[in-house]
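Before any comments, here is the structure.
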Amino acid sequence: MNKTYTPKEIEPKWQAKWEADGLYHADIDPNKPKHYALTMLPYPSGDLHIGHWYAMTPSDARARYMRMNGYNVLFPMGFDAFGLPAENAAIKSGIHPMARTRDNIVRMRKQLRSMGTMFDWRREMVSCEPEYYQWTEWFFIQLYKNGLAYRKKSPVDFCPNCNTTLAREQVWGDDRHCERCGTPVIKKDLEQWFFKTTKYADELLSYEGIDWPERVRILQTNWIGKSEGAEVYFHVADGAAALMTIFTTRPDTLWGATFMVISPEHPLVEKITTPEQQAAVQTYKAQAARQSDIEREATDKEKTGVFTGAYAINPVNSAKIPIWIADYVLMSYGTGAIMAVPAHDERDFAFARKFELPIIPVIQPEGQPALDGATMEVAYSGSGKIVNSGPFNGTSVNDKKGKENPGIIAVARWLEEKGFGKLAVTYKLRDWLISRQRYWGSPIPMIYCEKDGWNPVPEDQLPVTLPENVAWKPTGESPLKLHPTWKNTLCPVCGGAATRETDTMDTFMCSSWYHLRYLSPHFSTAPFDQREYDYWMPVDTYTGGIEHANMHLMYTRFFHKALRDMGITKGNEPMTQLRNQGMVLGEDNEKMSKSRGNVISPDLLVEKYGADTVRAYLMFFARWDMGAPWDSQGIEGSARWLRRAWTLITDSTTNQPLATAEVRRDIRRKVHQTLKHVTRDFENFEFNTIVSALMSLLNDLYKAREAGAAGTPEWREAMELYVKMMAPLTPYVAEELWVNVLGKPYSVHTQPWPVVEEEAARDDEITIPIQVNGKLRDRLTVSADASEAQIKALALASAAVQKYLEGQTPKKVIVVQKKLINIVV
RNA sequence: GCCGGAGUGGCGGAAUUGGCAGACGCGCACGACUCAAAAUCGUGUUCCGUAAGGAAUGUGGGUUCGAUUCCCACCUUCGGCACCA
């Protein structure tokens, strides 16, 4: 038998058979441990790109490995089908988003099938189908009923020319213009729906019981951004009977506050600004609103701000201090107002110097000359003793945060007693804005009635479906609002005429629960079948890109916890283990994009090499969690590997067994050592070294064949184990070799993962490097059970060592058992 | 600016508790096969040096018998960011 390796024949054949046999169907089996493997679902852009392959095929290999280890594995796939691109295409060319999306999905399903993944397609979900979004709506209603959804005003980016709300990615350039027409973007305040993610801020900070990369945990922790401090109430002086609440992490520096800064968007601005300052304040406000977040965050930028004309009274010492507005104070964090203590805060210091505001030190570092506000060059934020602060003079301050700091806790307690303020905690995390002024999303199932206000659509009337016939002209409103009849409905409370919510939901809402719909995608009486939930959940392994660390992964955790508190889900976390893959860059080392022309098409690669080679190369060419640039020549190595494996395994049965006992022993050792290596690497998601270990074993098997090993029992074992080890990585060729070359019973993918025989894997002889003063001088090959004394004696007797000893007695001889000898002279 | 990764041959990478740096692969060179080419097979391939030998894991220090691995400082680069009060 000398047929060449022909993936084009092998792959479609097995794909069809696996499908026909339902080989990858995952059904509840109480007799087996379950494993729910999930990889982030794609947006149906129309073409599967190499990044999808990079995310999915190693995850598939891992899922297959788990299956061979006796787990009942669920590995589903679906489509995150709502979203902006389909709607943009509709505006541009009039193609209906549903038509376009369904076409794209048909195409991508085919591409996904070619990858040779073990997806159970019976469980597919598509988020834009009413069968799915009915339950997205239902979840919204549950959140609303449990007080976790509410409405408030919030600004959106808006293009006055296109008359439409813009996503962040549609706003371009430093001058923040519309991507379509170049018009400068303005901010518009709209009433929108929010979910109370902040209610779960503290719980989201705990990662107990989940195995997530530290990197993601740190990103989430920083995103939640918990900080402890105090709220302090400042009265506005003269006339305006207003109270300003500020948040500070440094209440111990209250006596050093020399001015106040409030955000330009703060509601008090209108109330307190004096007539003389009106013009300047309004100009500054407009300017701040035009600025991008990036501009606002630039620290090297000069501080800007405007005096409001108003003053505040510092409650602790009755000092009258000016109130400014400045863009470095954000309405979305804390209370949108701060007290400025320039002596001890870098930003306040820069601001004070620029606008010539007083600087009063209130923390004195010990053993140093007294700080002087007039001459200080930088703010001092370290430890010391409180000074210039009435009752607290002499109190120690360390450099710890919050309650850990004696100065902070002492002042905060005193503020509470006096009624000037209280201990407070603030988070960076904001509530989740879910309203989108768009058509192509899940409708928000709410009805507004003049008389009864907002009420949810009765659950028996779900889903609220998107109307088919809509106009795509950008009007500044959701196309749903412009539809002649869609929004008209009846109030569920009074039965009178009422209006539907015409905004739709953020697509992150769809992806917050899709893992539950896979459990029972066609279940019609609830979002999921409870029996399926009890068997499969939680997700055991979740894989996807790190870029989702803060948004999707945070939302889905929030969602799970909120549902848990309603009794819908169980356990504290939806996904037990998380692993992230890196990115495949173009050959030019840049991010792949159509405009750069560096996109690699997996379809063409499959055409040229077959899916198994593409899979193998993607697993081999880089550390999976790091990614690397694509190399069109590099893939030849993986193609060569499979051809060589094919050749060896198909050719090996005809030879006469001539090998010596030693050669046969060596085969077993190498095979079992490789198995050990491969098994460990699968556990750790280290796919690149799995492939290299198999390549290395193949090289050794070729040598063993030269030595007449083919046809021996050891050889047959090697062939069998080799194909089993290949199976998760390159499922097609492994199946062909298993069934049609080795003649084993179908299917290799239902075989148990082989067990390492430690005795076979054991080294009989070991080579020990001998160093003199840390430099390699000789090597010693000894029996693996040689004693330390024997090894030491042999090492000292070595001619190479003697040369370096020059007759001296070594000062010290370090023998690391079975590893190394170092002779110190 | 802050936070988090990463820096190892011409290239992608390996080194699993601090113990032989460069596994495996790409590329390249030479050789075999071939009329020739492709494919395939074999040999070699960190740098300097004819060699003995020496140097080398971003840079500079430190700990250690021994450091790619641990510590300190710095540089470069990639990613995240909402000046976080």
Side-chain angles (χ1 to χ4, degrees), chain A residues 4 213-219 221-223 225-227 229 246-250 253 261 293-301 303 326-341 344-348 350-351 426-430 546-547 549-550 582-583 585 589 591 617 620-623 625-638 640-641 643-644 647 677 680-681 684 686 688-699 702 767-779 810-825:
Chain A
T4 51
E214 194 190 4
R215 214 170 142 203
V216 173
R217 299 198 313 258
I218 290 169
L219 282 167
T221 299
N222 291 347
W223 185 264
K226 181 175 183 169
S227 75
I246 62 105
F247 175 77
T248 177
T249 53
R250 296 296 305 274
T253 63
V261 186
D293 296 343
I294 291 144
E295 279 168 333
R296 273 201 177 199
E297 83 184 348
T299 27
D300 48 351
K301 186 192 75 167
K303 289 279 174 288
D327 55 10
Y328 77 93
V329 174
L330 306 177
M331 197 55 221
S332 54
Y333 182 75
T335 60
I338 63 162
M339 63 167 188
V341 184
H344 306 292
D345 181 280
E346 195 191 327
R347 293 173 311 265
D348 298 345
F351 195 90
T426 288
Y427 302 88
K428 282 197 252 180
L429 183 72
R430 301 171 194 169
I546 188 101
E547 69 274 16
N550 284 336
M583 218 194 302
L585 302 173
N589 217 344
K591 224 172 182 166
Y617 183 59
F620 175 69
F621 88 122
R623 260 180 67 164
D625 58 345
M626 305 281 267
W630 182 260
D631 179 356
S632 304
Q633 275 183 319
I635 192 173
E636 295 287 350
S638 301
R640 215 166 279 158
W641 170 51
R643 277 199 298 270
R644 273 165 58 80
T647 304
H677 189 159
R680 184 194 63 204
D681 290 351
N684 296 330
E686 288 167 0
N688 56 339
T689 48
I690 295 175
V691 180
S692 65
L694 288 176
M695 286 174 168
S696 178
L697 173 58
L698 190 68
N699 292 342
Y702 263 94
T767 301
I768 296 176
I770 308 171
Q771 298 180 337
V772 178
N773 285 340
K775 288 197 169 159
L776 180 70
R777 297 303 181 190
D778 200 5
R779 287 195 175 87
K811 273 194 207 138
K812 202 171 169 185
V813 179
I814 291 147
V815 180
V816 183
Q817 198 59 39
K818 298 189 178 181
K819 281 268 174 70
L820 169 141
I821 297 167
N822 190 12
I823 299 163
V824 187
V825 185

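Note that the coordinates shown come from a computational prediction; the quantities given were computed from them, not determined experimentally. Throughout, protein chains are lettered first and strands after them, A, B, ... in sequence-line order, and every chain is numbered starting at 1.
Here B:rC84 presents its P atom at 17 Å from CG of A:Leu429, a figure rounded to the nearest Å. Atom-to-atom, CG of A:Asp327 to P of B:rA82 comes out at 14 Å; the value is rounded to the nearest Å. A:Leu776 has its CG atom 6 Å from the C1' atom of B:rC20, to the nearest Å. Atom CD1 of A:Ile814 is separated from atom C1' of B:rG66 by 7 Å (rounded to the nearest Å).
In this structure, A:Gly634 reaches the sugar-phosphate backbone alone: every heavy-atom distance under 4.0 Å involves primed, P, OP1 or OP2 atoms, never a base. Using a 4.0 Å heavy-atom criterion, one finds that A:His677 contacts the bases of the nucleic acid, with or without backbone contacts as well. Contacts of A:Arg217 with the nucleic acid, taken as non-hydrogen atoms under 4.0 Å apart, are absent. At the heavy-atom level, A:Lys428 lies under 4.0 Å from base atoms of the strands shown.
Taking atom C1' on both B:rA15 and B:rU46, the two are 16 Å apart, rounded to the nearest angstrom. Taking the C1' atoms as reference points, B:rU57 lies 4 Å from B:rU8, given to the whole Å. Going from the P atom of B:rG54 to that of B:rG58 covers 22 Å, rounded to whole Å. B:rC71 sits 15 Å from B:rG19 when the P atoms are compared, rounded to a whole Å. One C1' atom belongs to B:rU64, the other to B:rU17, and the distance between them is 16 Å to the nearest Å.
Listed by chain and number, the residues in a salt bridge (charged side-chain N to carboxylate O under 4.0 Å, His left out) with A:Asp345 are A:Arg347 (sequence neighbours excluded). With sequence neighbours left out, A:Arg215 forms a side-chain contact (heavy atoms from CB on, under 4.5 Å) with A:Ile546. For A:Val816, the side-chain contact (heavy atoms from CB on, under 4.5 Å) criterion is met by A:Ile814, A:Lys819, A:Leu820, not counting sequence neighbours. With sequence neighbours excluded, the residues forming a side-chain contact (heavy atoms from CB on, under 4.5 Å) with A:Gln633 are A:Asp631, listed by chain and number. Applying the side-chain hydrogen bond (donor to acceptor under 3.5 Å, both in side chains) test to A:Trp641 and every residue at least two apart in sequence or in another chain returns A:Tyr722. In terms of the side-chain contact (heavy atoms from CB on, under 4.5 Å) criterion, residue partners of A:Ala350 (sequence neighbours excluded) are, by chain and number, A:Lys303. Residues satisfying the side-chain hydrogen bond (donor to acceptor under 3.5 Å, both in side chains) test with A:Arg779, not counting sequence neighbours, are none. Partners of A:Asn699 by side-chain hydrogen bond (donor to acceptor under 3.5 Å, both in side chains), not counting sequence neighbours, listed by chain and number: A:Arg644. Looking at residues two or more places apart in sequence or on another chain, you find a side-chain hydrogen bond (donor to acceptor under 3.5 Å, both in side chains) between A:Arg623 and A:Asp625.
Comparing atom distances between the A:Arg680 side chain and each of B:rG54, B:rG19, B:rU16 picks out B:rU16 as nearest. Distances were taken from every side-chain heavy atom of A:Asn699 (C-beta onward) to each of B:rG25, B:rC65, B:rC20; the shortest belongs to B:rG25. Among B:rC20, B:rC24, B:rA85, the nucleotide with an atom closest to any side-chain atom of A:Thr767 is B:rC20. Closest contact between the side chain of A:Tyr333 and the listed nucleotides B:rC20, B:rC65, B:rA85 involves B:rA85.
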Starting from the C-alpha separation in whole Å, work towards a yes-or-no answer on side chain to side chain donor-acceptor pair (under 3.5 Å) for A:Tyr702 and A:Thr647.
CA-CA 10 Å; A:Tyr702 263 94; A:Thr647 304; 4.6 Å; no

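The side chain of A:Lys775 places an N or O atom within less than 4.0 Å of a non-bridging phosphate oxygen (OP1 or OP2) of B:rA55. When the side-chain nitrogen and oxygen atoms of A:Ser227 are compared with OP1 and OP2 of B:rA85, one or more of them lie within a distance under 4.0 Å.
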B/S/- contact track for nucleotides 2-14 of chain B, protein heavy atom under 4.0 Å:
-SS-S-----BSS

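Between A:Trp223 and A:Arg250, the residue anchored closer to the 5' end of RNA chain B is A:Trp223, taking for each the nucleotide with the nearest heavy atom. Comparing A:Asp681 and A:Gly774 by the nucleotide of RNA chain B whose heavy atom lies nearest to each, the residue mapping closer to the 5' end is A:Asp681.
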Measure all distances between protein nitrogen or oxygen atoms and nitrogen or oxygen atoms of nucleotides 39-44 of chain B, and list the pairs falling under 3.5 Å.
| from | atom 1 | to | atom 2 | distance (Å) |
| --- | --- | --- | --- | --- |
| B:rU40 | OP1 | A:Arg643 | NH2 | 3.0 |
| B:rC41 | OP1 | A:Arg644 | NH1 | 2.8 |

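In this structure, the side chain of A:Ser692 engages the main chain of A:Thr689 through a donor-acceptor pair within 3.5 Å.
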Base-pair map of RNA chain B as dot-bracket, where | denotes pairing with a different strand and pairs are Watson-Crick or G-U under 3.5 Å:
(((((((..(((......[....)))((((((.......))))))(((....)))..(((((..]....))))))))))))....

